[in-house]
Structures are given as C-alpha cells and as structure tokens.
Protein chains: 2
Amino acid sequence: MGHDLLDHHVTGRGPARRSPGAARAADRVGSSRIRELLDLVDRPDVRSLAGGLPDVSLLDPDRVHAAFEAALAATGPLGPTALQYGPTAGIAPLREHLAGELGVGPADVVVTTGSQQALDLLARSLCAPGDVVVLEEPAYLGAVQAFRSADAWLLGVPGDDRGMDVDALASLIDDGVRPAVVYVVADHHNPTGSVLSPGRRARLLELADRVGAVVVEDAAYRDVHWGPPTRALHGRGARVVHVGSSSKVLAPGLRVGWMTGPEDVVAAVARLKQSADLHTPTANQLVVAHLLTDGHQPAHLERLRRTSRERSIALATALRERLGDRVTVDVPDGGMFLWLRARDGTDTDELLARALAHGVALVPGSAFTLDGRPTTNARLSFATLAPELLVDAADRLDRAW
Amino acid sequence: MGHDLLDHHVTGRGPARRSPGAARAADRVGSSRIRELLDLVDRPDVRSLAGGLPDVSLLDPDRVHAAFEAALAATGPLGPTALQYGPTAGIAPLREHLAGELGVGPADVVVTTGSQQALDLLARSLCAPGDVVVLEEPAYLGAVQAFRSADAWLLGVPGDDRGMDVDALASLIDDGVRPAVVYVVADHHNPTGSVLSPGRRARLLELADRVGAVVVEDAAYRDVHWGPPTRALHGRGARVVHVGSSSKVLAPGLRVGWMTGPEDVVAAVARLKQSADLHTPTANQLVVAHLLTDGHQPAHLERLRRTSRERSIALATALRERLGDRVTVDVPDGGMFLWLRARDGTDTDELLARALAHGVALVPGSAFTLDGRPTTNARLSFATLAPELLVDAADRLDRAW
C-alpha cells in the first residue's frame, strides 16, 4: 500500500493521545523521535517528500462529482442505496467489475475498507499467535502493524532493486522456518520502489508452494507503472492472495480496497469482515464502481502515469546533480517513491533533523525496519509536488546534507 | 446497534461463499436453517418485519445532497479533503462536535467505521483470549461476533422489560466470575427494545467498579426515543466506554460511528484502528459532520421519532388485536423493535417457516441466543413499513400462527 502509517500520521495530526494504552495488540513501529520530527512536515515552509499520499488533485472534479451524483441516485427496495446497509462482501457492480479485471468470479472478491483492512483481516484469518510471517525489509508499515496485531512473528529478509531476496527466504526454509505467510509488494515496493524480477517471482511461488505458505501480494501500486508490464503472482501459485486498492489510482479518502484468493481464505476474510465493520460504506463503493467503469479511467491512469514519471525523473535528476556520488538513487518505473541510499554513511535519522531545518522532509529508512534501527537510506515521494518544487526540495536537501 | 448481522445478511445476498474457512476467529452465530429462511424475506411479496434497517427514505434528499456537496467542496493543502487520507481518530470537525455532545474533549473521541468497528476494536483491545464478557441474552449479534472474534468467553445473563438482570450479574460475581467487560444496550435494546431501569443502571456501575470491569454502553438507539429521557452510563462509572452511531439517526450506509471512554481505552482503540483501516472514509465523516450541524437535525430527529412511534403503536395494536392472549407484546418507547413473547409455547423457528409461507417475516429469538437454541420469542421491526403495511403484516402473522 502506498499510504503508510507514518505518512498518514503526518497528515493526521489531531488531538489524538499518545499515552500508553491497554491494547494487547498495538503498533510498536517507528521511533517516537522520528514521529516527532515528522510532525513538523506540515509546516507550510517545508517541501515534503515524506508523504505517502497520492496527488488527488489529478482527479477531474467534474468526474468525481458525477460519480457521487450517480451514487446518490441509486435506489433499491430499501431506499437510497448509498445510504442503506449493503452486503458484507461488497456491492455486486463493484465485485463484478473487479472480478472481471482479476480473472475470477464475483464470489471470489471481497471489497474491504481500504486495502489496509484486507491486510488486517488476512493477518487475523491466516495467522495464529507465533506464526511466522516473512516480508521484505525495509517493509510497508501498515503490513507490519497488521501482522503484529495478530501476534505473528515477523521475519524480515533483505531486498534490492529486483525486490525481495528470495534466496534469503530459501535459506530460512532450509533452516526449518515454516512461514504461514509471505507478504510481498512485487510491483513498485513501498518504500524502495523495486519491482520483483520474473525469476524471483517464479522462485517465490515455488518456495511458498513447497511449504504451504500463503503468498499475500499487495498490489496497491500495480497500476501506477510506466515500465514494462509484470506478471502478477495471483493465479499462479496454489495459495496466492491478491490485495488491491483504489487509493493510488483514484482517491485514498474513499477507503475502498479489495482482495481475492483461495476460496477458504476469501470465506474467512468475508466472515471476519462482518464483525469488523459489517461492510465497506455503500456510497464509496458506488463511487469507485462508477469511476472504474465510466470510460475515463484509462485516460486518467495515462495522465497519472505520465505525471508521476515526469516527477520521478525531475527529482532523481536533481538529486543526482546535487548530491553526486554521496548517494545512489535509481529512477523507478512506477509507484510513488525514490529510495535513496547514502554512500557516505549518512545516518538518515540525523539527516531528517537537518533537512527539516532546511525546509525539506523525507522519511528515514529506520521507519521501515522491523526494529527501528538507524539506516543510511531514505524514502522520498515524488507523487505530490510539481517538478520545480521537487528541484527546490533537492536543493534544500543538498544544503542540509 | 440496530443493524444486526442477520438483517444485514438478509439485505446482503450476493455471491458470497459459505464454505468453511481457514478463519481461526469467525462467527458461529445463527443456525444455517434460520439463515436460509431469512434469505427468502427479500421476496417482493413478503412483508418483512425481520430487518434491522432504519428507514433512510425519511432523510430529506436535498439535505443529503447538500451534505455531499459540502464534503466535496472541502479542500486543504493536500487537495480535496474528501478524497485524501485523514487522521486515524477522525476529522477534527466531527470529533469536536461529538465531544461537545458527549461532554468530553475532542481527544477523547475516536470516529470508527460504524459502531460495529468500535465493538471489534474494543473487543480486541480489552479482551485477552478466555476473558469473560457478560452481556444480556438475547443479545445483539454484532457484539457477540466481535467479542467471539477476540476469543472472549461470553456469558449471557437474562433480561426483562427493565433490561439486563443485574442481580444475575451480581450472582456471577459472587460466584467468583471476574468479567473483563460488561456489554449493555441500555436504551432500546436490540432485540428486546427494553430500557435499563435507573436502579439497575446504578447497580451495574457499582458492580463493574467493584470488580474493575469495563462497561461498554452501546448507545446506537439512544437518540431514537419518545419516552422519558434516561441517564447515560458514560461519565458515571470509573471505566465506562460509550459507543455511538449515525446509522439509526442518519444513514447506516455511511458507516460512521464513534466511541469515547477512559483515556487508556481510547488510546488503545485509536492505535488498533490504524492497522485496521487507517481511518474512516473522509467524505463520510464530512457528510456526517455536516448533517449533525446543519441545523436541520433536531427537526429530522423529531420526525423520525414521531414516525417510529406511530409505527410501533400500529404494529403493537394490530398484533394484540389479532393474536390476543397468545402473545405478550409491549409498546417500546424507542428504537426499532417490538419483542413478541408467545404465551402458547409457539416455537418461533417453526413459526418463521409458516410466516414466510403466509408472506410475512420476523426474526426468531433463537437468532439472538448465544447457542442458537429455539425460543418462544421473536423480534419484529416496525422501522421501515408504513402503518397500513404493518397491519397487513399482523394479519398475515395471525393466519400463519
């Protein structure tokens, strides 16, 4: 998922308390110091590359209004559909459309309250306390929190620019580790932006099948690509769960995601969803169904991809020009993030403090480690700023470095 | 909550699978036979008293449209607010309004994806596996499912027309039972419609305080009343959690609920919500905030109460006239339900089959027991049908009886 909880926190400063709670299952991710620093990025004088937010201003307002009008106009025997209770697994038009896209039957799709909910329900469905979940580290924090809430035992394996190091996974298995779940963001990983290579995809599926692990493929960024197409994991392994989201291609505030996978997993998620929130809001599902089928989505995606690519190039070029061989930064072919690796040993936790003093924000790699240890990496979002502001952000980062 | 999962199921027939799943935590409530029968209530020739749905057609469409327009017009530094990520605990205007209503600070309120999510997050926050949760039986199914998902041990105590039998709770405590949670629908209980008496309220709080139990007060129906005002439990006991909902007073399809309570519980729920779904959809919160503050809500509530009361009287009167001393039925002073008790020993599971054959539906009391055992009770909703249709439903029930 491209949203991550740190970013979410950044944009969500409210009166929330931070006192220790009675929770037996709660997040333990992210050092409080980093969170405190990231609280500062909303200052108007800060160029924030720290967000995990898409640029919702790229959505055509007239199109959004039309979708809401259509949602409000829908009526059924129980009154206005948008206002009434709906089916737990999602409204039929949305499930049918998604099923067509995913090459499954409508009964194989559960609509969730954002893909974050799919991860939470999957963690609760698939993991007994102490079960092992393997994921690539650096990791998407929302997945870490969801699996930790289910009292799973998380094991990180390293990744590189071709995604998760599946040989490291193989070594774990050779050592007797039997993961219940392997969680993977195969396309435009958050935070690294990497794409899992075809060879590693095949090997991952083979390893998972061998030990009966469920592969959870988080495809939140899959449609925000401008590189060569990849082959999804879904439909290839015995037990692959595909998790999708409208957050990166439409609007995260709608909170509409979905999942599909083996029949027993779909049934378990649907049953647990019933007590989790009854169903995802009806109006939001109607809006997403309308936007995905109104005929304008291909052009919108095209524009989103073109704009994102331009921004990624602008930021990567500016960073290379200014920071030179102090860093390594690759231009991704999708998603929202650049992954910057300091070659001069810079601790990015410390860099963040200096960067904020110079009016630019990024997320230190420590935020994506399982134990919060400092790193020499950082995640930089190119999703929301125009190219000239990205160049200015690179200037500021250069001065801070 | 007035929605319940059986009703929800009724209105939610889709392609969902029913195969046994891999869930370690899933619902075990409701006999499959009852569910099969209730699948029939959507037939157009059936007068359904089985729903747990409010009558959303009582909402003024112009008012709803204005609320959506206001939601879509809100913008911030991150683009259109309705479309962007928001704070985990809820948007400030809604939390501030609710805090004012509840007599707490905005930091004490968490907005949830329906009050069902509040119950789910509370169950996960407050209950370790095997912890005891006491509730009134017959019980709201959504609460049963939420606490069972957290592997709590549910103990039912009986209730009557004055609500939960707190002496039965006292006996349990005298016997050494130490509940982690006492769950109570003190106002217009689902399914019985009862209101917890003032004396029992005081005794419940005293018992809970004595053993350190958290009282979860589910106030979903609290604002749909036409009887004398009651005194909420919230704010009176040491550890009382208040759960509220917009579903019965505005529209359940929006899925906006909320909770407040002791600081540590609020913090635990907020932390767990982050991995559950990041936040409740932004647009929906903006819509509810607008509807609760647009100045028209008092008149809307007045109309909802008047209409509901008329319907409750129409149904109760017709049932008494037709079924006579075969049943006991009291006119409630709030909520959406009549609770019918057969004095002639009629098994209401069997009655449902006959009723459907005569074109009328109700929910047998067995659906609200912890073990699904047959009963001589039934829940009848007066919320959605006009008085003349309620009378016709009573006619049909008389013929079926």
Side-chain angles (χ1 to χ4, degrees), chain A residues 3 5 8 11-12 14-17 19 21-27 53 56-57 68 72 78-80 82-89 92 106-107 113-114 116-117 120 124-125 128 145-146 149 251-255 263-268 270-272 274-278 281-284, chain B residues 3 5 8 11-12 14-17 19 21-27 53 56-57 65 68 72 78-80 82-89 92 106-107 113-114 116-117 120 124-125 128 145-146 149 251-255 263-265 267-268 270-272 274-278 281-284:
Chain A
H3 52 260
L5 304 189
H8 172 69
T11 65
R17 284 176 176 140
S19 63
R24 68 188 178 90
D27 63 304
L53 315 157
V56 291
S57 68
F68 274 91
L72 291 175
L78 303 166
L83 305 181
Q84 195 50 278
Y85 286 120
T88 293
T113 307
Q116 183 64 39
Q117 187 186 47
D120 187 56
R124 295 167 74 185
S125 298
Q145 293 195 343
S149 289
L254 296 171
R255 312 301 307 120
E263 185 173 332
D264 61 325
V265 180
V266 169
R271 289 165 68 90
L272 205 47
Q274 198 171 47
S275 63
D277 65 0
L278 295 185
T282 324
N284 307 244
Chain B
H3 53 259
L5 305 189
H8 172 70
T11 64
R17 283 175 176 140
S19 64
R24 68 187 179 90
D27 62 305
L53 315 157
V56 291
S57 68
H65 275 84
F68 274 92
L72 291 175
L78 302 166
L83 304 181
Q84 194 51 278
Y85 287 120
T88 291
T113 307
Q116 182 63 40
Q117 187 186 47
D120 188 55
R124 295 167 73 185
S125 298
Q145 294 194 344
S149 290
L254 295 171
R255 312 300 308 121
E263 184 172 333
D264 61 326
V265 180
R271 288 164 70 89
L272 206 46
Q274 197 171 48
S275 64
D277 65 0
L278 295 184
T282 324
N284 306 243

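Side chains are part of it too, since the values below use all heavy atoms of this structure and drop only hydrogens, waters and symmetry mates. Reminder, nothing fancy here: chain letters follow the sequence lines and each chain counts from 1.
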Inset, instruction - Locate the shortest heavy-atom distance separating T113(B) from T113(A); write the atom from each residue and the value. - result: CG2-CG2, 4.1 Å

Legend entry - Portion of A82(A) that has a non-hydrogen atom of chain B nearer than 4.5 angstrom: backbone

Legend entry - For the student: nearest non-hydrogen atoms of L53(A) and L78(B), plus distance: CD1-CD2, 3.5 Å

Legend entry - Minimum heavy-atom distance between Q274(B) and Q116(A), given as atom pair plus value: O-CG, 3.9 Å

Legend entry - Heavy-atom closest contact (V56(B) atom, Q84(A) atom, distance): CG2-NE2, 3.7 Å

Legend entry - Straight-line distance of R255(A) CZ to T282(B) OG1, nearest 0.5 Å: 8.0 Å

Inset, instruction - Name the option with the most non-hydrogen atom pairs under 4.5 Å to chain B; the candidates are A283(A), G79(A), A276(A). - result: A276(A)

Inset, instruction - Assess the side chains of S275(B) and S149(A): does a donor N or O sit below 3.5 Å from an acceptor N or O? - result: yes

Legend entry - Nearest heavy atoms of P281(A) and P281(B), plus distance in Å: CG-CG, 3.8 Å

